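One structure is given below, encoded as structure tokens.
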Amino acid sequence: MSEQDKILNEVTQNEYKYGFTTDIETDTLPKGLNEDIVRKISELKGEPEFMLEFRLDAYRKWKEMEMPEWAYLKIPPIDYQDIIYYAAPKQQAKYESMDEVDPELLETFNKLGIPLEEQKHLAGVAVDAVMDSVSVKTTFKDTLAEKGIIFCSFSEAVQEHPDLIQKYLGSVVPTNDNYFAALNSAVFSDGSFVYIPKGVRCPMELSTYFRINAANTGQFERTLIVADDDSYVSYLEGCTAPMRDENQLHAAIVEIVTMDRAEVKYSTVQNWYPGDKNGVGGIYNFVTKRGICKGESSKISWTQVETGSAITWKYPSCILMGNNSSSEFYSVAVTNNHQQADTGTKMIHIGKNTKSLIISKGISAGKSENAYRGLVKVVPKAENARNFSQCDSLLLGDTCGAHTFPYIEVGNKSSVVEHEATTSKIGEDQIFYCNQRGISTEDAIGMIVNGYAREVLNQLPMEFAVEAQKLLQISLEGSVG
Amino acid sequence: MTVNTAKYTATQDLVDLYNGNLAMWEKDSPEWMNAARKEAVEHFQKLGIPSSRNENYKYTDLRKWFQADYNVYPTYVERDMEMRELFKCNVPEMDTALVLTANGWYSHKNKAIALPEGVIMGSLAEIAQSNPEVISEYYNQLADNTNDPLAALNTMLAKDGIVFYVPNNVVVEQPIQIINMLQSHEDAFATQRNLFIIGRNAEAKIIFCDHTMSGHRFLANNLTEIFVGENATFDFYNLQNQHNESGNLTSTYVKQAASSTFNSNVATLHGGLVRNNLIVRLAGEGAEANLSGMSLADGKQHIDNFLSINHEVGRCNSNQLYKNVLDDRSSGAFTGKIHVQRDAQQTNAFQRNANVLASEKAKMNTKPQLVIDANDVKCSHGATVGRIDEDALFYLKSRGINDKEARLMLMLAFTHEVIQNIRVESLRDRLDDLVEKRFRGEISKCHNCAYRCG
């Protein structure tokens, strides 16, 4: 594992330090953040006036805010003036062919069962102009267009559907929501926009991963999904392969709006570079994800598998505004070595007869810290609200930590809120049972962990689930003994 | 007799009240108490009166409770209290030794009670002078003045309270009932500081009864430090029954040695604002802490139980069971933090918090927390907020029990689970009885409790 770490380290850390190609001089802005930079970003992207105002407003609010310190995380100081906030998203290929890529990394890809073309892309190998994915992309774009579904990059959406963007941007996560949300709102580079029209059921799973040309949207990503009445979409973010990235700080925002009887299922697999065995390097993943069930009987479901990043700060939440709306949150968070995760959800019950379900599974190994933090809030007028939360933690070593910080605020008599949490380790008898049947301790732990996380993995779309299972096992490699 | 009638409104006023009357605060206190004061005042100034910005006081903003013009008593004031009233507070058929405090001061009317040889029960102010060697090395060793403003404030202003010392191998069979009374002809702020030292293999039981005896506004800030020696058993019960204009802030710091047992129960029947901090350190292997509590709130009461259980070494057990029934516009809060420190292996730590909202406007906020840094542990917590089980209600009604009575039965059953943990039978019965009366609305104003409880 240490060897693999080293390679991952090399792949993720040592490249692209100054690697942006600058076809046009103005594509890369200087380091630092000020009003001029924000204006410049907006100008470079050719944005309409309302976008500039939105960004400037966010920037001014950000300036007044302080970085939050309440999470159970040790975050080294971040110099926000030492970051390049805008650069052309083009990259230079690092290797000429697959033969140059480190075999250990390829092995990891193979373990995960990633197709060759994708492997090339992920490893940074120059890809042929006629790549499979391109055709895949075009075919499904046609299918979507037929149904009236809009699925495009955020920049495209700003140009082509400014009315929708103006209406929904920042409507779920306001610019002053929190420090990182304000920062993202000021400088976000790109992201995805999805609009599902009334009565349409999206025929395929939408994924950023397929949209390869937009996959590298940089560190300040913004996703906006709007599902109109009676529509349905399942959206996938991230991928299971170890993602290299030259940016240490990631502050993304995801906003979801569901109208009457609409349903959005949002699945994430996050496997950013977690730093090496000694906790050096790694991505800081500070994400604000929130959905609003605006219409009656609408539904938002979050599923996340978090295995990467040195520090994760992420609370996919849901505001249950429409009557009879419901939300689910399924999460598996794995931390190993020196990783730290503070993740969970917020369920805000506002409408009548709203329901929410929280299933969170934390697995810690090595010297890592893994915390669940959640809020269930029932406002006084939320008649008959119902919540059930279960947060289990599994400890795989005696130097890691597993923490649970639930907040339950109930202001309505007719609501029922339940919270349960347990912390335990893998029983020696369970391992012994497997050993006895010829299964090595490492495989046994992999099996037990997968069984433990099954409830969540089952929620993932099929092909994702298979990869995620393998990912869990790989993430924990070397944590035994 | 000097009565300081200085009035204050905020943190700085309290600090000024202390600094401006330094001689009065330090008078009659030994050097080690005054040294603690000096340190505490700095911490208090820095921390300030807790607001909801303080994570530990998120759901209980104390600032407005400190706004009133209270009178403070840095010296003993004799109170006229009819002993007859006191006996009414007594638990009938319970053979207890009775001790009285008034506005934080050990009453000079107390008569010596018969206790086994070597056991000391008396006034902190007095024992600090007469037997300083018994308490000086324990005093202020547990109170977290650095981080908790209420602890710092108490250490800063503490003059008197109860000292209870049980030597090694001594068993005090008879439960000791301490009645903490607030009585004044003006609005008052009281500070009481208690120190309980239970020796090796010793056993004792203390019952605190917090009462108000006059209708004025009160704010009490009490702090108790408890040392439970190796293999010792200590039961600490607290019955809180104060009128709804009073604020009762209690902080209890406990340190347990190996194989010791600490049982605590706090029952809040009345009180405008109640905040109970209970911080337990399991510092010796095999120690066990059983902590329970329940509250019944109505009107605009606010009841907040804050617990922090620290498993410092392995092989310790802790159990928490807290229940609240909230009616009218009352609000409740609960925090139950379990911290299992690194290498505290083979820990068992359990926690349950259950709440019933009985009215449209009642509110409950709960924060059950687990912070676990060891892997060979069994820890769990559960928290629920809900209403009376409709099926159970239907079952009872189908058997001819009317709605009101059926609800009452279910409520009693709900709270009885907590009360049954009390190991003094007569107190247990008494509490069941009081709870029933409370649910039936037969106890309404507590400053009259002497006339209505009996």
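Letters go in sequence order (proteins before strands), and every chain restarts at 1. All values derive from a computational prediction rather than experimental measurement.
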Give a yes or no on whether [X] atom [atom1] has more than 12 heavy-atom contacts from other residues, nucleotides or ligands under 6.0 Å away.
{"X": "A:K355", "atom1": "NZ", "answer": "no"}
{"X": "A:K346", "atom1": "NZ", "answer": "no"}
{"X": "A:Q436", "atom1": "CD", "answer": "yes"}
{"X": "B:K367", "atom1": "NZ", "answer": "yes"}

Note to self: For chain A, which candidate among B:I338, B:L326, B:D376 shows the most heavy-atom pairs at distances under 4.5 Å?
What the structure shows: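 Of B:I338, B:L326, B:D376, B:D376 has the most heavy-atom pairs under 4.5 Å with chain A.
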Next item on the list: Among B:G386, B:C379, B:S380, single out the residue with the greatest number of heavy-atom pairs under 4.5 Å to chain A.
Entry: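 Top count of heavy-atom pairs under 4.5 Å with chain A: B:C379.
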In terms of heavy-atom pairs under 4.5 Å with chain B, which of [options] leads?
{"options": "A:A371, A:G401, A:A421", "answer": "A:A421"}
{"options": "A:S364, A:S424, A:A402", "answer": "A:A402"}
{"options": "A:N370, A:T423, A:T399, A:V376", "answer": "A:T423"}

Spatial distance of atom [atom1] ([X]) from atom [atom2] ([Y]) [nearest 0.5 Å]:
{"X": "A:Y407", "Y": "B:T366", "atom1": "OH", "atom2": "OG1", "result": "11.0 Å"}
{"X": "B:T384", "Y": "A:F388", "atom1": "OG1", "atom2": "CZ", "result": "11.0 Å"}
{"X": "B:N375", "Y": "A:S393", "atom1": "CG", "atom2": "OG", "result": "12.5 Å"}

Counting only heavy atoms closer than 4.5 Å, note whether [X] contacts chain A via side chain, backbone, both or neither.
{"X": "B:A358", "answer": "backbone"}
{"X": "B:Q351", "answer": "neither"}
{"X": "B:E55", "answer": "side chain"}
{"X": "B:F350", "answer": "neither"}
{"X": "B:S359", "answer": "backbone"}
{"X": "B:A374", "answer": "backbone"}
{"X": "B:K337", "answer": "neither"}

Next item on the list: Determine yes or no for a side-chain-to-main-chain donor-acceptor pair under 3.5 angstrom, with A:H403 supplying the side chain and B:I372 the backbone.
Entry: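 Yes; judged by distance alone, with no hydrogens or angles, the pair exists.
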Notebook entry, point to check: Checking B:R387 side chain against A:K413 main chain: does a donor-acceptor pair fall under 3.5 Å?
Noted result: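 Side chain of B:R387 to backbone of A:K413, a donor-acceptor pair under 3.5 Å: no, none is there.
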Hey, are the side chains of [X] and [Y] touching, using non-hydrogen atoms and a 4.5 Å cut-off?
{"X": "A:I408", "Y": "B:V385", "result": "yes"}
{"X": "B:K363", "Y": "A:E409", "result": "no"}
{"X": "B:V377", "Y": "A:L395", "result": "yes"}
{"X": "A:E369", "Y": "B:D373", "result": "yes"}
{"X": "A:P380", "Y": "B:E360", "result": "no"}

Checklist line | Proximal component of A:Q390, with respect to chain B [non-hydrogen, under 4.5 Å] | finding: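 Neither part; nothing is under 4.5 Å.
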Next item on the list: Please look at A:S389 and chain B and tell me whether the side chain, the backbone, both or neither of the residue comes under 4.5 angstrom of a heavy atom of that chain.
Entry: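 For A:S389, neither part sits under 4.5 Å from chain B.
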Check: Which heavy atom of B:L357 sits nearest a heavy atom of A:N412, and at what distance?
Finding: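 That closest heavy-atom pairing would be CD1-O, 3.4 Å.
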Next item on the list: Quick one: closest heavy-atom pair of B:R342 and A:D398, and the distance?
Entry: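 Closest heavy-atom pair between B:R342 and A:D398: NE-O, 3.6 Å.
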Next item on the list: Before giving the answer on side-chain contact (heavy atoms from CB on, under 4.5 Å), spell out for B:V371 and A:Y72 the whole-Å C-alpha distance, their side-chain angles and the decisive distance to 0.1 Å.
Entry: CA-CA 10 Å; B:V371 178; A:Y72 202 83; 3.4 Å; yes
Note to self: For A:H419 and B:H381: C-alpha separation, side-chain torsions, deciding distance, then whether side-chain contact (heavy atoms from CB on, under 4.5 Å) applies.
What the structure shows: CA-CA 8 Å; A:H419 174 94; B:H381 67 197; 2.9 Å; yes
